[in-house]
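This one's a predicted model, so the numbers in the text were calculated from it and none came from an experiment. In the text below, chain A, chain B and the rest are named by the order of the sequence lines, each starting its count at 1.
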Amino acid sequence: MNPRRQKRLMAVIAVITLVGGAIAMMLYALSQNIDLFYTPSEIIDGKNGQVPQVGQRLKIGGMVVPGSVVRDEETLKVSFQLTDTGPTVTVEYLGLLPDLFREGQGIVATGHLLSATVIEADEVLAKHDEEYMPPEVAEAMKGIKHVKPSESSSY
Amino acid sequence: MWKWLHPYAKTEKVYGLCQTLLPWFALPALLCLTTGLIWGLAFAPADYQQGDAARIMYIHVPSAILSMSTYAAMAIAALVGMVWQIRTADMAVAAIAPVGAIMTFIALFTGAVWGKPMWGTWWVWDARLTSELILLFMYLGVMALYHAFDDKQQGAKAAGVLALVGVINLPIIHYSVEWWNTLHQGASLMKLGKPSIEADMLWPLLLSLLGFVLTIATLVMLTLQNEIIRRELHRPWVQKLAQGKS
């Protein structure tokens with residue numbers, strides 16, 4: 001490679017490494033703000049030494065604890081518990097739930113902290129995993145039967 | 001070692017190469033895309049959790065994967081153009097950018113359409129979605145810079161710098177779902193180890209992916225030919241071509 005090309009190649013590599021390094025450091029510094037949500041253990045034990053304050057607006061993500069979904073008889077009010085690895089947090093929500101909302105499903109809720117472990121949500125989004133399989137396979141492997149959202153009145 | 005490549009620095013040679021290769025890409029592209037999509041959208045089994053809504057992945061996944069691969073290809077062309085100062089490579093950057101932008105747009109659009117029924121929202125500012133949106137802006141920026149200068153040589157230089165710097169976004173998009181917690185799920189296909197998609201659904205997906213690859217190649221060759229003609233109008237071989245065809 002002739003020296004002029006080598007010089008240009010070096011310049012390109014230098015610019016990319018510098019900008020890349022700058023962006024990497026920026027993302028690292030912002031990493032806790034880039035996370036979309038708190039997990040239940042982060043709500044209770046705090047994240048990076050900071051426990052969220054009561055009244056703070058936040059997003060929480062976790063798995064709906066099976067058997068914890070309680071629906072109000074007259075309104076759309078629903079409350080359920082979220083967990084990740086240990087502690088659970090209660091979410092209260094008034095509104096329509098997404099089709100994928102089920103017990104054992106991962107969800108992300110936006111709302112504010114009512115007390116240390118209770119969140120009043122104004123939006124609930126369902127998360128799904130990266131596994132795709134036909135219903136028969138899922139039934140054979142995991143014993144999960146696919147229920148059409150329209151037919152699943154009780155979760 | 002690279003001697004055989006040297007003639008392809010000439011635009012005339014590249015134009016001819018595109019001309020010969022076009023049918024070999026266009027026809028298989030049409031074939032793979034139609035069979036892959038019909039198989040996926042109509043005959044592959046529905047997902048156990050999401051039902052028929054998961055079928056949109058036969059469009060979403062290939063366009064999302066390839067929006068990133070296309071960017072990598074564009075950045076390599078920009079590097080070649082910058083270091084070896086080959087004008088044909090600059091033209092390739094200009095040809096690849098709009099095709100990649102369209103792929104990114106398809107990925108974002110199908111993702112929003114998929115997100116509404118499944119997640120419950122069209123859009124959420126999580127790391128994956130945001131970084132993919134930035135990718136679209138990078139493509140648009142490259143296109144805008146290239147065309148912003150009257151002197152195309154200078155425009156290509158500026159666009160090339162932007163294209164190269166934007167490469168940093170690619171690992172961020174890919175690893176966003178691992179580095180941060182996001183609403184978007186992890187990778188099903190582009191990871192080490194077995195794909196988390198059952199074989200009945202994987203094959204139509206791979207066929208559709210191949211169809212997208214070939215379609216992108218076809219489109220890039222067509223736009224590259226256009227770009228070459230546009231910039232080489234004054235050359236005798238282009239004028240001869242124009243007279244011979246009309």
Side-chain ion pair, B:R55 and B:D52, N-O less than 4.0 Å:
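Answer for the salt bridge query: yes.
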
Pi-cation contact, B:Y146 with B:K152 (under 6.0 Å, within 45°)
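Geometry flag: set, cation within 6.0 Å and 45°.
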
Rounded to the nearest 0.5 Å, how far does [atom2] of [Y] lie from [atom1] of [X]?
| X | Y | atom1 | atom2 | result |
| --- | --- | --- | --- | --- |
| B:I134 | B:I172 | CD1 | CD1 | 7.5 Å |
| B:H60 | B:L108 | NE2 | CG | 8.5 Å |
| B:I197 | B:D47 | CD1 | CG | 9.5 Å |

Does the gap between the ring centers of A:F80 and A:F101 come in under 6.0 Å?
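Yes, the ring centres sit under 6.0 Å apart.
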
With only heavy atoms counted, which part of [X] is less than 4.5 Å from chain A, the side chain, the backbone, both or neither?
| X | value |
| --- | --- |
| B:L189 | neither |
| B:V124 | side chain |
| B:L79 | side chain |
| B:A199 | neither |
| B:M201 | side chain |

With no hydrogens and no angle check, just 3.5 Å: does a side-chain donor-acceptor pair link [X] and [Y]?
| X | Y | answer |
| --- | --- | --- |
| B:S67 | B:E132 | yes |
| B:S196 | B:K191 | yes |
| B:Q49 | A:H128 | no |
| B:T182 | B:R128 | no |

For chain A, find which of [options] contributes the most heavy-atom pairs closer than 4.5 angstrom.
| options | value |
| --- | --- |
| B:Q185, B:E198, B:M82, B:H184 | B:Q185 |
| B:A54, B:A187, B:A127 | B:A187 |
| B:G186, B:S188, B:G160 | B:S188 |
| B:V165, B:T121, B:T130 | B:T121 |

Side chains of A:T88 and A:P40 in contact at under 4.5 Å (non-hydrogen atoms):
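A:T88 vs A:P40: side chains apart.
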
Contact class of A:V137 relative to chain B, heavy atoms under 4.5 angstrom:
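The side chain, not the backbone.
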
At a 4.5 Å cut-off on heavy atoms, which part of A:I16 comes close to chain B: side chain, backbone, both, or neither?
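The answer is both parts of A:I16.
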
Output the option from [options] having the highest count of non-hydrogen pairs under 4.5 Å with chain B.
| options | value |
| --- | --- |
| A:V12, A:I107, A:N2, A:V108 | A:V12 |
| A:Q6, A:R5, A:E131 | A:R5 |
| A:K7, A:Q105, A:K59, A:R4 | A:Q105 |

Return yes if some donor-acceptor pair links the side-chain N/O of A:Y93 with the main-chain N/O of A:L96 below 3.5 Å, else return no.
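Yes; judged by distance alone, with no hydrogens or angles, the pair exists.
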
Using 30° and 60° as the class boundaries, would you call the ring planes of B:Y175 and B:W179 parallel, tilted or perpendicular?
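Answer is parallel, since the angle falls under 30°.
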
Which residues in residues 112-120 of chain B have a heavy atom less than 4.5 Å from any heavy atom of chain A?
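When heavy atoms of chain A are the reference, residues 112-120 of chain B contributes B:W114, B:P117, B:M118, B:W119, B:G120 within the under-4.5 Å range.
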
